[in-house]
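This report concerns only the one structure given below.
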Amino acid sequence: MEILRPTCSGRRLGEAVSSSTTYSSLFRPGSHPEGLESHLAEFTATAGSSDFPCVFAPMALRKDELLFGVGDVTKDGWGVAVMLMDLAAEAIWEDPDQVVVLWFDGIESATLDDDHAAFRQILLTLLEAGGEWPAEAPVDPADPRWNFWYKGIDFFINVSTRHHRLRRSRNLGHAFTLVVQSRASFDRLPVAATAARRQIRRRISTYDGVGLSPHLGTHGDAPELPQYFLGDSNGCPYAAITAQDVTAHVNTTQGRA
């Protein structure tokens, strides 16, 4: 895949130093932009290992099926979330089962709480830019049928950060990482979804340094949002956005009072 010219606005949100930049196309590992060797090395060493809980990840890496994108928040602001998710949505429209790995460089954080605040900012930015929420789709993240809708895609978002120390399955390297795909793609797994989910969760139990999160569940039976960002303990779940956040967006895009 051709790597397009980086888009740099020069707008700064902080003083974090970053050697990265924002690229206006997705790429595969074999054609990655210069300077991302450490990102890829950390990701492949973790997700490609034989003990990584997601059994599909090593296979996807071997087959070169994953797409990657990178943006620099320090240099280009939170708008990089829109650019990266637009690219992800386009790729998923072309292939509904596509998995996309998005790296956000330049996010200043010292704790998981900081990382969660950054994730909330990403979701709020996407809500503002994401177009209409489907009329029939629930707006309350507490509803087990809820999805995060963006550009017509029912996104499932897996957040991994360097501050996940005990929950190792949510640490894919030093970069702030979103692994995104259509939620419906889980229903089209090459093996029975229920069996695959059981196998992955058994592997998580031995891989992580903390017990399996009680917030993990299945779509329609458990809320999705707490599963996007899991903490290092099994206490109260993180909730990045609220029903009020989504409702405000829906009212704006659908012209409701």
Side-chain angles (χ1 to χ4, degrees), residues 1-48 54 57 60-61 64-95 98-109 114-126 129-130 148 150-151 153 155-164 170-182 228-229:
M1 179 177 292
E2 180 186 4
I3 302 301
L4 300 182
R5 198 168 42 128
T7 57
C8 299
S9 68
R11 183 160 67 92
R12 301 183 67 83
L13 292 184
E15 298 305 319
V17 176
S18 173
S19 60
S20 181
T21 191
T22 298
Y23 284 84
S24 54
S25 69
L26 301 177
F27 52 87
R28 298 194 186 275
S31 59
H32 65 82
E34 184 178 354
L36 293 179
E37 290 79 9
S38 64
H39 289 61
L40 284 166
E42 288 183 333
F43 182 89
T44 56
T46 302
C54 180
L61 282 167
D64 201 26
E65 293 175 341
L66 300 177
L67 285 171
F68 293 81
V70 62
D72 193 303
V73 172
T74 303
K75 294 178 180 177
D76 300 315
W78 292 108
V80 298
V82 174
M83 192 204 77
L84 291 176
M85 284 291 278
D86 281 353
L87 292 171
E90 181 181 351
I92 292 169
W93 275 112
E94 292 179 3
D95 177 0
Q98 181 66 59
V99 178
V100 183
V101 180
L102 303 176
W103 291 314
F104 288 77
D105 285 341
I107 290 179
E108 296 185 59
S109 64
D114 292 341
D115 289 329
H116 184 255
F119 181 51
R120 171 173 167 77
Q121 184 60 58
I122 288 170
L123 292 187
L124 291 176
T125 301
L126 294 173
F148 185 80
Y150 184 78
K151 299 297 175 73
I153 303 292
F155 274 99
F156 185 88
I157 304 172
N158 178 308
V159 184
S160 295
T161 82
R162 67 184 183 276
H163 295 117
H164 283 94
R170 291 299 180 100
N171 186 328
L172 294 172
H174 73 277
F176 188 100
T177 305
L178 304 187
V179 181
V180 304
Q181 62 195 104
S182 166
Y228 292 0
F229 192 108

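Positions are given from 1, in the same order as the sequence printed here. Hydrogens, waters and symmetry mates are skipped; everything else that's a heavy atom, side chains included, is used.
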| Check: Phe104 and Thr161 side chains under 4.5 Å, non-hydrogen atoms | no
| Does some side-chain heavy atom of Leu67 sit less than 4.5 Å from a side-chain heavy atom of Arg28? | yes
| task | Could you pull out the closest heavy-atom pair between Ala91 and Leu26, with the gap in Å? | result | CB-CD1, 4.0 Å
| note | Which of Val180, Val100, Leu126 passes side-chain contact (heavy atoms from CB on, under 4.5 Å) with Phe155? It is Val180
| So do Ile157 and Ile122 actually touch side chain to side chain, heavy atoms under 4.5 Å? | no
| Under a 4.5 Å cut-off applied to non-hydrogen side-chain atoms, are Val179 and Leu172 in contact? | yes
| Minimal non-hydrogen separation, Gln98 against Ile92, with atom names | O-CG1, 3.8 Å
| note | For Asn158 and Ser160 the tightest heavy-atom approach is OD1-OG, 3.4 Å
| remark: Smallest heavy-atom separation, Arg162 atom then Ser109 atom, equals NH2-O, 3.1 Å
| query | Does any non-hydrogen side-chain atom of Val70 lie less than 4.5 Å from one of Asp105? | reply | yes
| Spacing of CD1 belonging to Ile153 relative to CD belonging to Glu90, to within rounding of 0.5 Å | 11.0 Å
| Between CG of Leu87 and CZ of Phe68, what distance do you get to the nearest 0.5 Å? | 14.5 Å
| said: Nearest 0.5 Å, please: how far is CG in Leu102 from CZ in Phe176? | reply: 11.0 Å
| For Thr125 and Gln121, does a side-chain donor sit closer than 3.5 Å to a side-chain acceptor? | yes
| With a 4.5 Å heavy-atom cut-off, do Lys75 and Val80 have their side chains touching? | no
| query | Any side-chain donor-acceptor pair under 3.5 Å between Asp114 and His163? | reply | no
| query | Can you check whether Phe43 reaches Leu61 side chain to side chain, under 4.5 Å on heavy atoms? | reply | yes
| message | Give me the atom names and distance for the closest heavy-atom approach of His164 to Val159. | response | CE1-O, 4.2 Å
| message | A side-chain contact here means heavy atoms from C-beta on lying under 4.5 Å apart; do Tyr150 and Val82 qualify? | response | yes
| said: Distance check, rounded to the nearest 0.5 Å: Met85 atom CE versus Phe148 atom CZ? | reply: 6.0 Å
| task | Begin from the C-alpha positions of Ile107 and Phe119 and carry the test side chain to side chain contact (heavy atoms under 4.5 Å, CB included) through to its verdict. | result | CA-CA 10 Å; Ile107 290 179; Phe119 181 51; over 6 Å; no
| message | If I compare all heavy atoms of Phe27 with all of Gly69, which pair ends up nearest, and what's the gap? | response | CE2-CA, 4.0 Å
| remark: Residues at least two apart in sequence or cross-chain that pass salt bridge (Lys or Arg N to Asp or Glu O under 4.0 Å) with Asp86, listed by chain then number, are Lys151
